[in-house]
Amino acid sequence: MSVRHRAFSGVQPTGRLHLGNYLGALKPWVTHQDARENIFCVVDLHALTVPEAVDPRQLAAGSRQIAALFLAAGIDPERSSVFIQSHVREHSELAWVLNCVTPLGWLERMTQFKAKSEGRDSVGTGLLDYPVLQAADILLYDTDVVPVGEDQKQHIELARDVALRFNHLFGEVLKPPAISLPPVGARVMGLDDPTVKMSKSIGESRPNHLVGMLDDPKRIRKVLMKAVTDSGCAYAPEVASPGVVNLMGILSALTSEPVDSVAARFEGRGYGYLKAEVADAVVAELEPVQARYARFMDDPAELDAVLKRSTDRVRGIAGAT
Ligand code: AMP
Ligand code: TRP
């Protein structure tokens with residue numbers, strides 16, 4: 001009998017999920033669903049690290065919505081577990097134990113911590129400790145691979161280092177995980193500024209920054225047609241501008257057509273043709289996801305049953321660790 005690798009990944013229930021989350025995380029999870037044993041988590045405790053951004057009355061509902069989006073994207077609860085982090089108390093318990101073996105300097109070096117704390121007079125300890133809780137999420141389940149977008153690379157390396165350090169001190173207990181990045185779509189850039197990563201927080205103040213997974217087709221087309229490119233007409237990946245490279249990457253991630261082939265097809269044509277084709281592909285991909293999402297939202301009992309079954313399943317593994 002072959003032993004399947006176990007995958008674990010998580011998404012924070014803050015803000016609206018966007019095309020970057022979909023192409024960097026959710027879609028690759030679905031693609032590899034059969035090849036692995038999968039555990040997918042809505043990490044509500046991580047959302048608390050920026051308390052100003054959390055409405056406590058909204059957090060539980062928002063977490064359910066993200067779980068419903070996982071399922072709508074194609075995660076099959078028969079083959080994968082989908083649950084909410086705070087419902088399994090071992091995440092917090094292991095985080096404490098790992099805190100005690102994690103040198104402070106490792107956390108102070110994290111680029112996400114530096115970016116999120118920059119320019120602020122005071123930040124919560126949780127923000128600094130965020131990667132240790134993430135390490136606990138991963139290490140609780142003897143995870144082999146963590147499928148995420150490129151921005152998580154440093155956090156997964158830290159989880160590995162924490163596991164190795166723990167094992168060095170106490171014997172072989174924790175499995176050091178590996179990262180799994182999608183070949184394209186691992187770093188989707190902002191549509192209004194292709195030099196920065198597409199992100200939920202920027203999207204809150206800049207309407208043309210992102211395409212939300214639940215945006216209606218009209219809005220999706222409008223935002224993509226406005227995507228920033230350049231005044232020329234160059235597609236070859238070595239010379240194309242960042243906005244054009246980003247749009248070709250999005251198309252390639254959705255259709256599996258290699259970027260070189262996309263570039264060759266559009267050579268000599270205006271960017272409007274590329275934008276229109278990207279918009280068609282995004283709408284075609286997201287419309288069925290949105291329809292399934294609406295069905296889960298209409299049937300709270302079904303979603304509750306899925307979450308309960310998964311929670312019971314993963315508690316068994318987490319409790320043993
Ligand atoms: P977050 O929204 O930060 O909770 O991220 C959830 C997942 O989406 C993680 O695996 C991220 O690496 C991934 N992700 C977030 N933004 C992007 C992006 N712009 N491009 C690709 N993947 C992303
Ligand atoms: N830090 C991740 C993000 O913002 C979310 C996350 C928390 C995660 N725990 C995890 C991702 C464990 C993978 C595995 O995207």
Side-chain angles (χ1 to χ4, degrees), residues 6-30 38-50 53 62-63 65-67 69-70 73 83-86 88 91-92 94-95 98 110-113 115-116 126-127 129-141 143-160 162-163 177-204 209-213 242 245-246 249-250 253-254 314 318:
R6 184 177 287 156
F8 180 99
S9 196
V11 173
Q12 295 188 70
T14 45
R16 28 202 264 276
L17 291 204
H18 51 69
L19 196 57
N21 298 127
Y22 182 72
L23 296 178
L26 274 64
K27 191 175 168 66
W29 298 354
V30 173
N38 311 284
I39 305 180
F40 300 122
C41 183
V42 181
V43 291
D44 54 348
L45 298 172
H46 278 101
L48 304 182
T49 56
V50 185
S63 298
Q65 287 163 5
I66 304 290
L69 259 181
F70 289 2
F83 75 106
I84 294 171
Q85 186 187 33
S86 65
V88 180
H91 289 253
S92 304
L94 182 60
L98 299 180
M110 292 285 115
T111 52
Q112 184 181 295
F113 171 69
K116 285 195 181 174
L127 193 65
D129 204 29
Y130 180 113
V132 178
L133 180 60
Q134 181 164 353
D137 297 340
I138 297 166
L139 301 176
L140 257 186
Y141 299 99
T143 301
D144 297 288
V145 280
V146 187
V148 280
E150 200 179 86
D151 59 351
Q152 293 304 307
K153 209 166 158 225
Q154 202 183 25
H155 286 162
I156 311 308
E157 282 163 6
L158 183 103
R160 249 190 105 75
V162 169
I179 191 171
S180 164
L181 294 174
V184 264
R187 189 172 175 83
V188 176
M189 307 306 279
L191 297 168
D192 62 344
D193 176 2
T195 64
V196 300
K197 183 188 73 166
M198 183 178 285
S199 89
K200 293 168 181 165
S201 54
I202 300 177
E204 271 159 32
H209 177 71
L210 59 75
V211 164
M213 281 184 66
V245 170
N246 192 36
I250 292 170
L254 287 169
V314 301

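In listed order, ligands and their atoms are each counted from 1. For reference, positions follow the sequence shown, starting with 1.
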State, without any angle test, whether Gln112 and Asp151 hold a side-chain donor-acceptor pair at a distance under 3.5 Å. no

Which of the numbered atoms in ligand 1 are below 4.0 angstrom from a heavy atom of His18? 16 (N)

Under 4.0 Å, heavy atoms only, figure out whether ligand 2 is touched by the backbone of Ile138, its side chain, both or neither. side chain

Using a strict 4.0 Å cut-off to heavy atoms of Ala25, name the atoms of ligand 1 that fall inside it. 7 (C), 8 (O), 10 (O)

Quick one: does Ala186 get within less than 4.0 Å of ligand 1, heavy atoms only? yes

Considering only heavy atoms of Gly185, which atoms of ligand 1 have at least one such atom less than 4.0 Å away? 21 (C)

Which one holds for Met189 and ligand 1: side chain close, backbone close, both close, or neither close, with close meaning a heavy atom under 4.0 Å? neither

I'd like to know whether the aromatic ring centres of Tyr141 and His91 sit less than 6.0 Å apart in this structure. yes

For atom 9 (N) of ligand 2, what is the nearest protein heavy atom, given as residue, atom name and distance? Asp137 OD2, 2.7 Å

Which bit of Arg187 gets closer than 4.0 Å to ligand 1, counting heavy atoms only: side chain, backbone, both or neither? backbone

Atom 10 (C) of ligand 2: which protein heavy atom is closest, and how many Å away? Gln134 CG, 3.4 Å

among protein heavy atoms, the one nearest atom 3 (C) of ligand 2 is Gln152 NE2, 3.3 Å

Among Val148, Asn21, Asp151, the residue with a heavy atom nearest to atom 12 (O) of ligand 1 is Asp151

Look at atom 22 (N) of ligand 1 and say which protein heavy atom is nearest, naming residue and atom and giving the distance to 0.1 Å. Gly20 O, 3.1 Å

Structural part of Leu133 in contact with ligand 2, heavy atom criterion under 4.0 angstrom: neither

